[in-house]
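Working notes, beginning with the structure itself.
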Amino acid sequence: MDPVKPSNTLSIGSWLRKRAENVIVALFAIMFISFLLQIAFRYVLDRPLGWTDEVVVLCWVWLVLWGAAFILSDKDEIRFDIVYELVSPRARHTFTLISSLALVVLFAVSLPAAWGYVLFMKREKSAYLGMRFDYLYSIYVIFAIACIVKHGWIAWNAFRGRESPEVDVLDESERI
Amino acid sequence: MPSHFTLCIIVLIALALFGLPIGLSMICASVFYLLVAGLDLGTAGEQILNGLFNSYVLLAVPLFILAADLMNSGSLTDRLLKFCLVLVGRFRGGLGHVNVVANIIFAGMSGSAIADAVGIGKIIIGMMTRNGKYPIEYAAAITASAAIIGPIIPPSIPMVVYALVSDTSIGYLFLGGVIPGLLLGVAFMIMNTVIARRRNYPVEPPVPMREIPRITLDAFPALMLPVVLLFGIYGGVMTPTEGAAAAAAYALLASSLIYRSISLKQLYAILLSSAKSTTSVGMLIAGALVFNYVVTIENVPLSVQHFIAGFHLTALGYLLLVNAILLFLGCLLEGTTILLVIVPIMIPTAKALGIDLVHFGVVVVVNIMIGLLTPPFGLLLFVVANMTKKPLMSIVREATPFIFVAIVVLAIISFVPQTVLWLPRVMGYKG
């Protein structure tokens with residue numbers, strides 16, 4: 001985290017982060033339990049459930065986009081950093097500034113269309129639970145806005161010559 | 001004026017080189033393409049949302065990640081290693097063999113090489129280097145090498161991803177990996193024997209007979225997991241995705257009830273770390289969903305097919321070419337990226353040349369696993385280097401003989417498709 005930020009912003013930030021983590025853990029747990037219910041009902045009780053399929057897929061979509069929006073830092077994500085690692089800190093700041101600005105511009109330009117698509121989906125409902133797809137898909141808009149804000153902040157830091165998020169090639173999150 | 005697609009590729013490479021995460025780079029490059037090509041910008045979101053929503057098979061990925069995390073947190077790994085010590089400890093270079101055999105057994109429950117290297121490596125590297133028995137670099141090298149068996153013997157996260165991009169059956173892919181995985185294990189053990197003899201590495205003191213039943217019983221719940229999983233999937237009881245959930249449930253039960261080695265707080269931490277891993281893989285998948293849409297409307301796979309057809313390659317020649325390209329790319333790129341972006345472009349040509357897609361998939365996955373061992377960008381090298389605090393290159397030097405035999409195995413399974421296809425065919429594969 002950025003040491004220059006006032007401490008109360010930091011504590012609000014970390015409180016929010018903890019809550020975001022609660023959400024993602026809940027999504028994962030619900031997904032896992034639904035799967036187990038599905039197996040139990042189909043094979044043990046011989047009464048297949050339809051809604052579990054929908055719940056697990058829903059949790060999966062939200063899990064990925066929610067996590068990408070609020071949990072992962074850039075260093076948690078899989079990236080190609082051979083060149084980035086080799087150059088001077090100054091060049092790194094320039095790299096970060098350019099790539100983050102590009103992201104902010106491209107995401108911002110496409111945001112209205114993404115929003116339009118999500119709204120358009122309000123006519124469709126999920127097969128079992130009858131949930132409106134615009135609600136289900138709204139996570140994409142949240143994700144896009146979070147990316148714009150996050151990378152706007154990263155670009156701003158890079159512009160002022162502050163250290164961008166530390167690069168750590170080994171992270172538990174790189175799995176395969 | 002370069003074509004829209006060329007521009008898109010340039011943007012993608014530039015953003016990735018500048019350090020933007022690869023998933024986001026792919027989304028950005030695709031949005032850029034939609035923009036310059038004058039297409040609907042909402043397509044990016046649409047592809048990601050519908051793609052994720054309709055990719056039911058991919059759900060196996062988070063569940064296999066969870067299963068591996070649960071197993072690593074309990075004392076399951078520990079007990080398994082003790083059991084392997086009984087099996088192969090008394091041969092020359094005993095702990096090296098223990099390492100390989102533990103990875104083979106672990107491979108039957110975990111689908112991720114990184115998880116295996118972390119879980120097994122944490123314990124075995126300590127065992128191998130205690131009292132200076134083995135050099136740390138050697139212990140690190142054999143740990144990293146043996147870990148690639150994990151996703152080759154089922155279950156396998158990369159194979160789930162391959163199944164998604166190639167539309168092949170996960171079940172048959174899994175079966176296809178069994179023999180190549182065992183071949184790799186044998187190859188590594190031979191190499192370990194050769195090196196151990198030359199350097200006079202120790203044998204382990206034999207485990208007293210009267211302790212063997214207890215150690216076996218201790219390891220029994222862990223040993224049963226692969227059986228439950230494979231029986232469940234191939235007995236037709238569960239789909240591979242449900243199998244992944246069952247594996248995670250079994251690991252949770254075993255570590256909480258039988259081994260009593262997990263608390264609620266730990267469970268929360270495990271769920272969180274699995275969720276994070278899922279997200280970072282998920283972002284790559286999301287990026288690939290949009291990017292592959294662009295690749296498809298640009299008809300890239302077809303152009304590649306026409307281009308390759310110009311060389312009049314045989315099926316074997318093409319497989320060799322693919323192997324060479326992937327081994328090279330494996331040095332630079334992370335495996336999932338290759339599977340999601342490069343491999344889909346290669347598949348139509350493979351199909352046109354009459355290469356069986358299950359065979360192709362297993363060859364590709366073995367290849368990509370070797371890529372995890374090759375510098376400068378080999379994730380497994382980073383894992384063990386980080387664990388042992390030894391310079392990367394000193395580990396690479398020790399890993400070279402293992403990389404060499406792995407490439408020999410890759411050549412064998414490329415030249416002899418039966419090594420891959422025999423088992424799936426026995427189980428009813430019609431390909």
Side-chain angles (χ1 to χ4, degrees), chain A residues 21 24-25 27-29 31-32 35-36 38-39 43 53 56-58 60-61 63-68 71-72 74 76-84 92 95-96 98-100 102-103 106-107 109-110 112-114 116-118 120 136-137 140-141 144 147 167 169-170 172-176, chain B residues 15-24 28 31-32 35 40-42 44-46 48-49 52-53 56 59 62-63 65-66 112 114-115 157-158 237-238 242 245-246 248-249 268 271-284 286 332-337 376-377 379 382-383 386:
Chain A
E21 289 179 359
I24 205 173
V25 168
L27 285 169
F28 205 118
M31 182 168 86
F32 183 40
F35 251 117
L36 296 182
Q38 178 175 321
I39 299 172
Y43 299 111
D53 269 348
V56 290
V57 173
L58 177 70
W60 154 249
V61 176
L63 180 73
V64 171
L65 293 174
W66 178 273
I71 309 278
L72 285 195
D74 259 22
D76 288 329
E77 290 200 48
I78 295 162
R79 36 196 260 173
F80 180 86
D81 41 21
I82 301 173
V83 177
Y84 188 86
R92 247 181 247 178
F95 279 12
T96 308
I98 295 173
S99 61
S100 291
L103 182 139
L106 288 168
F107 269 59
V109 169
S110 65
Y117 171 70
V118 170
F120 164 79
L136 303 187
Y137 278 5
Y140 184 79
V141 176
C147 281
V167 179
V169 273
L170 171 70
E172 274 248 288
S173 50
E174 295 176 346
R175 281 294 179 165
I176 294 192
Chain B
L15 290 178
L17 282 179
F18 283 179
L20 198 67
I22 296 177
L24 288 175
C28 286
V31 170
F32 179 79
L35 195 65
D40 176 15
L41 293 176
E46 181 183 346
I48 292 177
L49 286 165
L52 288 176
F53 203 84
Y56 186 77
L59 288 162
L63 294 166
I65 290 176
L66 178 64
S112 146
I114 304 294
I157 295 175
V237 181
M238 292 178 280
E242 289 169 345
Y268 181 89
L271 282 171
L272 180 59
S273 103
S274 300
K276 271 174 119 178
S277 309
T278 302
T279 304
S280 76
V281 176
M283 271 322 282
L284 266 187
L332 302 172
L333 287 171
E334 182 275 339
T336 319
T337 317
F377 194 81
L379 274 181
F382 294 137
V383 171
N386 192 51

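Throughout, protein chains are lettered first and strands after them, A, B, ... in sequence-line order, and every chain is numbered starting at 1.
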In Å and rounded to the nearest 0.5 Å, what is the [atom1] to [atom2] distance from [X] to [Y]?
{"X": "B:L17", "Y": "A:I98", "atom1": "CG", "atom2": "CD1", "value": "11.5 Å"}
{"X": "B:T278", "Y": "A:I71", "atom1": "OG1", "atom2": "CD1", "value": "12.0 Å"}
{"X": "A:Y137", "Y": "B:I48", "atom1": "OH", "atom2": "CD1", "value": "11.5 Å"}

Mind listing the closest non-hydrogen atom pair of [X] and [Y] along with its distance?
{"X": "B:A245", "Y": "A:L36", "result": "O-CD2, 3.8 Å"}
{"X": "A:A113", "Y": "B:G42", "result": "CB-N, 3.2 Å"}
{"X": "B:L271", "Y": "A:A29", "result": "CD1-CB, 4.3 Å"}
{"X": "B:K276", "Y": "A:L72", "result": "O-CD2, 3.9 Å"}

Shorter than 4.5 Å, heavy atoms on both sides: which option in [options] has the most such pairs with chain A?
{"options": "B:A16, B:G23, B:C28, B:G282", "answer": "B:C28"}
{"options": "B:L333, B:L284, B:T337, B:L66", "answer": "B:L66"}
{"options": "B:A286, B:A248, B:A44", "answer": "B:A248"}

Under 4.5 Å to a heavy atom of chain B? For A:L65 that would be side chain
If one checks every heavy atom of A:A114 against chain B at 4.5 Å, the contacting part turns out to be backbone
Applying a strict 4.5 Å limit to non-hydrogen atoms, the region of B:L272 in contact with chain A is both
The interface call for B:L332 against chain A, heavy-atom contacts under 4.5 Å, is both
Residue from A:F107, A:F32, A:W66 scoring the most non-hydrogen pairs under 4.5 Å with chain B is A:F32
Counting heavy-atom pairs under 4.5 angstrom with chain B, the leader among A:D53, A:V118, A:L27, A:L58 is A:D53
Those residues at least two apart in sequence (or on a different chain) that pass salt bridge (Lys or Arg N to Asp or Glu O under 4.0 Å) with B:E46 are none
The side chain to side chain donor-acceptor pair (under 3.5 Å) partners of A:Y140 (sequence neighbours excluded) come to none
Next item on the list: Would you check, one step at a time, whether the test side-chain contact (heavy atoms from CB on, under 4.5 Å) holds for A:W60 with B:L52?
Entry: CA-CA 8 Å; A:W60 154 249; B:L52 288 176; 3.9 Å; yes
| request: Kindly assign one of parallel, tilted or perpendicular to the pair A:F95 and B:F18, based on the angle between their ring planes and the thresholds 30° and 60°. | output: parallel
CZ (A:F120) with more than 12 external heavy atoms under 6.0 Å: no
Next item on the list: Evaluate side-chain contact (heavy atoms from CB on, under 4.5 Å) for A:V109 paired with B:L41, printing each intermediate quantity in order.
Entry: CA-CA 8 Å; A:V109 169; B:L41 293 176; 3.6 Å; yes
### Task
Start with the C-alpha distance between B:T279 and A:F28, add both sets of side-chain angles, then the distance that settles side-chain contact (heavy atoms from CB on, under 4.5 Å), and finish with yes or no.
CA-CA 11 Å; B:T279 304; A:F28 205 118; over 6 Å; no
